[in-house]
Amino acid sequence: MNLILLGPPGAGKGTQAKILEQAHGFKQLSTGDMLRAAREAGTEIGLKAKAIMDRGDLVSDDVVLAIVAERLKKPDVAKGVVFDGFPRTPAQAESLDKMLKASGSKLDAVIEMKVNDEALVKRITGRYTCAKCGAGYHDEFAKPNKVGICDKCGGNEFTRRPDDNEKTVRDRLQVYNKQTAPLVEYYRGQGNLHVIDGMADIGQVTAAMEAVLAQLKA
Ligand code: AP5
Ligand code: MG
Ligand code: ZN
């Protein structure tokens with residue numbers, strides 16, 4: 001099954017994509033994570049993307065589409081993909097439709113996660129990630145069981161993203177509203193759109209996603 005999690009920065013796309021991956025064997029495909037990995041590896045794409053990401057703008061469609069096309073060639077996507085943070089423009093959405101069609105696959109659902117702006121800013125400014133395994137946490141909403149120790153891997157080093165400050169989050173929100181929000185109507189037109197309340201707590205949001213999946217299977 002191929003799903004898109006569509007929502008603004010901090011909506012909980014990464015959090016839920018990881019949960020769905022664990023529960024169903026889908027692969028999370030986060031273009032944000034892939035671009036951050038390219039930055040860390042110091043590749044040409046990563047170096048070009050750095051300044052754009054730090055100010056909250058979108059990396060160009062051709063660069064993003066190239067990394068997605070490459071990722072979709074790997075055999076581990078056979079059970080399905082949870083697209084997290086992709087597509088973000090109408091051109092990306094149209095290209096994804098073509099890529100899936102070319103591989104004899106299709107999109108099963110687009111889940112729009114609705115969260116209000118002030119909650120998004122709070123979520124983003126409190127977010128941190130385990131440096132070793134990438135597990136996500138929040139200062140207030142998703143603390144590890146033991147302070148300073150990752151629940152998943154026992155690691156004790158954490159990182160915060162350079163674009164996770166209030167100024168950049170507000171810029172990212174504007175970019176979302178202008179360039180990505182039009183995809184809601186695009187997918188509604190395809191009959192693939194499911195809207196869920198992303199303001200609920202993490203477990204309730206997962207339950208709402210599972211209800212959509214059950215409806216698709218029925
Ligand atoms: P990307 O990494 O995709 O960032 P984003 O879309 O801004 O989304 P976030 O990762 O910030 O939020 P999320 O929805 O994953 O929330 P999370 O689950 O972590 O992109 C970064 C940049 O890369 C872009 O700005 C752009 O430059 C570039 N880029 C990426 N893809 C691109 C593309 N396709 N085209 C062009 N450029 C691209 O949750 C946030 C926090 O809230 C966490 O701490 C979590 O614990 C907490 N939380 C989650 N759910 C809940 C809940 N229900 N209640 C309370 N807290 C919660
Ligand atoms: Mg994310
Ligand atoms: Zn960890």
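Remember, it's 1-based here, ligands and their atoms both numbered in the order they're listed. Positions are given from 1, in the same order as the sequence printed here. The structure displayed is predicted, hence computed values, not measured ones.
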Original post:
Would you say Asp171 and Tyr176 make side-chain contact, with heavy atoms under 4.5 Å?
Top reply: no

**OP:** Answer yes when Lys122 and Asp139 have at least one side-chain N-carboxylate O distance shorter than 4.0 Å, and no when they do not.
**Re:** no

**OP:** Identify whether the distance between the nearest side-chain nitrogen and carboxylate oxygen of Lys13 and Asp84 falls below 4.0 Å.
**Re:** no

Subject >> Atom indices of ligand 1 within 4.0 angstrom of Arg36 heavy atoms, with elements >> reply: 2 (O), 21 (C)

**OP:** Ignoring angles and geometry beyond distance, decide whether Ser30 reaches within less than 3.5 Å of ligand 1 through its nitrogen or oxygen atoms.
**Re:** no

Subject >> Sub-4.0 Å atoms of ligand 1 with respect to non-hydrogen atoms of Ile124 >> reply: 11 (O)

Original post:
Short N/O distance, under 3.5 Å, between Gly12 and ligand 1?
Top reply: yes

**OP:** Report whether Val81 and Val68 are members of the same hydrophobic cluster (ILVMFWY, side-chain heavy atoms less than 4.5 Å apart, transitive linking).
**Re:** yes

Subject >> Donor-acceptor pair between Tyr186 and Asp97 side chains, under 3.5 angstrom >> reply: yes

**OP:** Consider ligand 1: state whether an atom of it lies below 4.0 angstrom from any non-hydrogen atom of Gly10.
**Re:** yes

Original post:
Do the charged groups of Asp57 and Arg55 touch, with an N to O distance under 4.0 Å?
Top reply: yes

Original post:
Passes salt bridge (charged side-chain N to carboxylate O under 4.0 Å, His left out), Arg170 versus Glu118? Steps please.
Top reply: CA-CA 10 Å; Arg170 295 208 185 268; Glu118 291 322 301; 3.1 Å; yes

Subject >> Min heavy-atom dist Ala11 to ligand 1 below 4.0 Å >> reply: yes

**OP:** Decide whether Asn2 and Ser105 meet the rule of one side-chain donor and one side-chain acceptor closer than 3.5 Å.
**Re:** yes

**OP:** State whether the shortest distance between N or O atoms of Gln16 and N or O atoms of ligand 1 falls below 3.5 angstrom.
**Re:** no

Subject >> Test: Lys73 and Glu70 ion pair at under 4.0 Å >> reply: yes

Subject >> For atom 4 (O) of ligand 1, closest protein heavy-atom neighbour >> reply: Arg161 NH2, 3.2 Å

Original post:
Nearest to atom 45 (C) of ligand 1, what protein heavy atom do you find, and at what distance?
Top reply: Thr15 OG1, 3.7 Å

Original post:
Evaluating non-hydrogen atoms only, which member of Val59, Ile52, Asp57 is closest to atom 27 (O) of ligand 1?
Top reply: Asp57

Subject >> Nearest atoms (heavy-atom pairs only) where Leu72 meets Val77 >> reply: O-CG2, 3.7 Å

Original post:
Among all protein non-hydrogen atoms, which one is nearest to atom 31 (N) of ligand 1, and what is the separation to 0.1 Å?
Top reply: Thr31 OG1, 2.7 Å

Original post:
Would you call Lys50 and Asp163 a salt bridge, using N to O less than 4.0 angstrom?
Top reply: no

Original post:
Is Arg123 salt-bridged to Glu166, cutoff N-O under 4.0 Å?
Top reply: no

Original post:
Out of Met199, Lys143, Arg127, whose heavy atom sits nearest atom 19 (O) of ligand 1?
Top reply: Arg127

**OP:** Output yes when the distance from some N or O of ligand 1 to some N or O of Asp164 is under 3.5 Å, and no in every other case.
**Re:** no

**OP:** For atom 51 (C) of ligand 1, grab the closest protein heavy atom and report residue, atom and distance to one decimal in Å.
**Re:** Ile202 CG1, 3.4 Å

Original post:
Is Met34 near ligand 1, meaning one of its heavy atoms is under 4.0 Å from it?
Top reply: no

Original post:
For ligand 1, which atoms sit closer than 4.0 Å to a heavy atom of Phe141?
Top reply: 55 (C), 56 (N)

Original post:
Is the shortest N/O to N/O distance between Gly85 and ligand 1 below 3.5 Å?
Top reply: yes

**OP:** Describe, in one word, how the ring planes of Phe86 and Phe83 are oriented to each other, choosing from parallel (under 30°), tilted (30 to 60°) and perpendicular (over 60°).
**Re:** tilted

Original post:
Non-hydrogen atoms of Met113 versus ligand 1: any pair closer than 4.0 Å?
Top reply: no

**OP:** May I ask you to determine how many protein N/O/S atoms are under 2.8 Å from the Zn ion (ligand 3)?
**Re:** 4

Original post:
Would you say Ala200 contacts ligand 1, with heavy atoms under 4.0 Å as the rule?
Top reply: yes

Original post:
Atom CZ of Arg160 and atom OH of Tyr128: how far apart are they, to the nearest 0.5 Å?
Top reply: 7.0 Å

**OP:** Using a strict 4.0 Å threshold on nitrogen-to-oxygen distance, state whether Glu21 and Lys18 make a salt bridge.
**Re:** no

Subject >> Arg88-ligand 1 polar pair, N/O distance under 3.5 Å >> reply: yes

Original post:
Which atoms of ligand 1 have any heavy atom of Gly14 under 4.0 Å away?
Top reply: 13 (P), 15 (O), 18 (O)

Original post:
Under 4.0 Å from any heavy atom of Ala142, which atoms of ligand 1 are there?
Top reply: 46 (O)

**OP:** Looking only at protein heavy atoms, identify the closest one to atom 28 (C) of ligand 1 and say how far it is in Å.
**Re:** Leu35 CD1, 3.7 Å

Original post:
Among Arg55, Gln92, Lys13, Arg123, which one has a heavy atom closest to atom 54 (N) of ligand 1?
Top reply: Arg123

